[in-house]
Amino acid sequence: MEGHNPVSLFRLLLIQSFMVWLAMSSSNITDQSALLAFKFGIKFDPTNVLAHNWTTSTSFCNWIGVTCSTRRQRVTVLDLGHMGLQGTISPYLSNLSFLVVLDLQNNSFHGSLAHEFGHLHRLKGLWLQYNYLEGTIPTSLHQCRRLQVIYLADNNFTGGIPTELGMLPELRYLSLGENYNLLGTIPLSLGNITKLEYLAVERSGLTGSIPFAIFNLSSLWYIFLPQNTISGTLPDDLCLNCPNLEELVLAYNLISGPLPSMLHLCQELTWNRRRNRESS
Ligand SMILES: *[C@@H]1O[C@H](CO)[C@@H](O)[C@H](O)[C@H]1NC(C)=O
Ligand SMILES: *[C@@H]1O[C@H](CO)[C@@H](O)[C@H](O)[C@H]1NC(C)=O
Ligand SMILES: *[C@@H]1O[C@H](CO)[C@@H](O)[C@H](O)[C@H]1NC(C)=O
Ligand SMILES: *[C@@H]1O[C@H](CO)[C@@H](O)[C@H](O)[C@H]1NC(C)=O
Ligand SMILES: *[C@@H]1O[C@H](CO)[C@@H](O)[C@H](O)[C@H]1NC(C)=O
Ligand SMILES: *[C@@H]1O[C@H](CO)[C@@H](O)[C@H](O)[C@H]1NC(C)=O
Ligand SMILES: *[C@@H]1O[C@H](CO)[C@@H](O)[C@H](O)[C@H]1NC(C)=O
């Protein structure tokens with residue numbers, strides 16, 4: 001009798017729907033407050049887009065640069081490239097747990113990239129090139145297991161290329177060039193990224209030799225490493241396991257030794273601008 005009391009049944013339903021509402025709205029609030037925290041970190045916005053458009057009078061899904069998933073109304077894309085924005089990138093962005101693409105390229109963001117960005121488990125594309133970001137590249141990025149594209153070139157990152165990036169199984173594009181204080185060697189672990197297609201770390205502070213395992217990546221078609229202090233030799237069987245190579249640019253380094261005899265096996269290789277101080 002008590003269990004079928006219509007009043008308590010109604011109360012149960014009410015509590016349940018309140019919980020569902022709470023779950024739904026709290027996820028929205030998380031995304032909205034993350035975006036507002038990000039807006040707060042922007043100190044200069046030349047076109048005043050954020051001031052005029054990013055207001056709580058409309059859903060954040062209608063804000064310029066924001067794309068949401070249709071079903072859940074969660075932020076999947078944040079695209080504010082080329083807008084002249086100045087400021088820091090709030091660590092609160094890491095609360096956008098449905099984010100797939102973060103594109104803030106060609107602005108004037110400074111400060112560091114928070115290790116919390118490793119929480120973005122759905123992230124596939126990180127486009128932050130042409131900014132003034134500093135500090136180390138967060139090792140936590142390896143937790144973003146779906147990352148396919150990392151563009152951090154033309155910043156002021158220091159430290160080295162994190163070994164942990166070799167643990168990103170889906171990574172295809174890795175571009176870290178023009179970070180003049182990015183020092184150290186190319187991690188051997190990058191030879192583990194079987195899907196890697198594009199590796200560009202030009203005009204940086206790389207030293208040591210190129211791990212031969214890199215030349216074993218059959219998906220790789222672009223290797224662009226000019227103007228570092230890379231030394232060592234090239235494997236004679238380069239192209240044997242890397243047949244799709246289209247561009248191999250190693251100019252202005254300290255690479256020595258003979259040219260690989262099997263270069264003809266790279267049938268896609270259009271030209272070779274290899275010019276080294278020692279070997280030529
Ligand atoms: C912000 O811009 C979008 C796209 O242009 C527009 O649909 C929306 O109404 C704007 N919101 C406000 C508050 O101006
Ligand atoms: C909040 O989420 C619910 C369900 O996911 C959605 O229907 C609603 O439009 C969202 N509200 C806002 C303000 O985005
Ligand atoms: C960067 O953005 C500015 C506008 O803020 C644009 O004029 C310029 O062409 C862009 N540069 C690149 C390299 O995309
Ligand atoms: C949101 O991000 C901030 C900064 O990383 C963090 O302190 C906070 O715990 C996060 N909140 C949630 C709900 O994840
Ligand atoms: C890069 O960072 C170094 C210190 O780490 C600083 O001296 C230099 O001015 C910065 N360069 C740019 C272009 O921000
Ligand atoms: C490459 O991957 C294998 C298998 O997961 C692992 O044992 C090895 O330590 C990795 N190599 C590097 C240099 O990270
Ligand atoms: C390259 O791959 C070949 C064939 O799979 C293997 O025998 C060789 O040890 C690899 N070399 C390196 C440096 O990983």
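Basis for what follows: all heavy atoms, side chains included, without hydrogens, waters or symmetry-related copies. One-based numbering, in listed order, for ligands and for the atoms of each. Throughout, residue positions are numbered sequentially from 1 according to the sequence presented.
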**Student:** Which atoms of ligand 4 sit under 4.0 Å from any heavy atom of N95?
**Tutor:**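 Numbered from 1, ligand 4 contributes 1 (C), 2 (O), 3 (C), 10 (C), 11 (N), 12 (C), 14 (O).
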**Student:** Is there a nitrogen or oxygen of N53 sitting under 3.5 Å from a nitrogen or oxygen of ligand 1?
**Tutor:**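 Right, the criterion is met.
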**Student:** In Å and rounded to the nearest 0.5 Å, what is the CZ to CG distance from F44 to L85?
**Tutor:**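 It comes to 9.5 Å.
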**Student:** Taking atom types as modelled and ignoring hydrogens, do the side chains of S204 and N179 form a donor-acceptor contact shorter than 3.5 angstrom?
**Tutor:** no
**Student:** Determine whether the side chain, the backbone, both or neither of S94 has a heavy atom under 4.0 Å from any heavy atom of ligand 4.
**Tutor:**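 The part of S94 near ligand 4 is the side chain, not the backbone.
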**Student:** Mark whether atom 1 (C) of ligand 4 lies under 4.0 angstrom from at least one protein heavy atom.
**Tutor:**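 At least one protein heavy atom is under 4.0 Å away.
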**Student:** Before accepting this row, confirm whether a basic side-chain N of the pair R146/E170 lies closer than 4.0 Å to the acidic partner's carboxylate O.
**Tutor:**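 Looking at E170 together with R146, the answer is no, because their closest N to O distance does not fall below 4.0 Å.
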**Student:** Report the nearest protein non-hydrogen atom to atom 10 (C) of ligand 3: residue, atom name, distance rounded to 0.1 Å.
**Tutor:** N106 ND2, 2.3 Å
**Student:** Tell me which protein heavy atom sits closest to atom 4 (C) of ligand 1, plus the residue, atom name and distance to 0.1 Å.
**Tutor:**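 Among all protein heavy atoms, the one nearest atom 4 (C) of ligand 1 is I64 CG1, 4.0 Å.
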**Student:** In terms of SG positions, are C266 and C242 separated by less than 2.5 Å?
**Tutor:** no
**Student:** Counting only N and O atoms by type, is there a donor-acceptor contact under 3.5 Å from the side chain of D236 to the main-chain atoms of S261?
**Tutor:**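 Yes, because the side chain of D236 sits within donor-acceptor range (under 3.5 Å) of the backbone of S261.
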**Student:** Working to the nearest 0.5 Å, report the span between CG of L240 and CZ of F215.
**Tutor:** 13.5 Å
**Student:** Any atoms of ligand 4 less than 4.0 Å from a non-hydrogen atom of P91? List them with their elements.
**Tutor:**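 Listed by number with element: 5 (O).
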**Student:** Scan side-chain atoms only and decide if R74 and S97 contain a donor-acceptor pair under the 3.5 Å cut-off.
**Tutor:** yes
**Student:** Tell me which protein heavy atom sits closest to atom 7 (O) of ligand 1, plus the residue, atom name and distance to 0.1 Å.
**Tutor:**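 Atom 7 (O) of ligand 1 sits closest to the protein heavy atom N62 O, 4.4 Å.
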**Student:** Of all the atoms in ligand 3, which lie at a distance below 4.0 Å from a heavy atom belonging to H82?
**Tutor:** 1 (C), 2 (O), 4 (C), 5 (O), 10 (C), 14 (O)
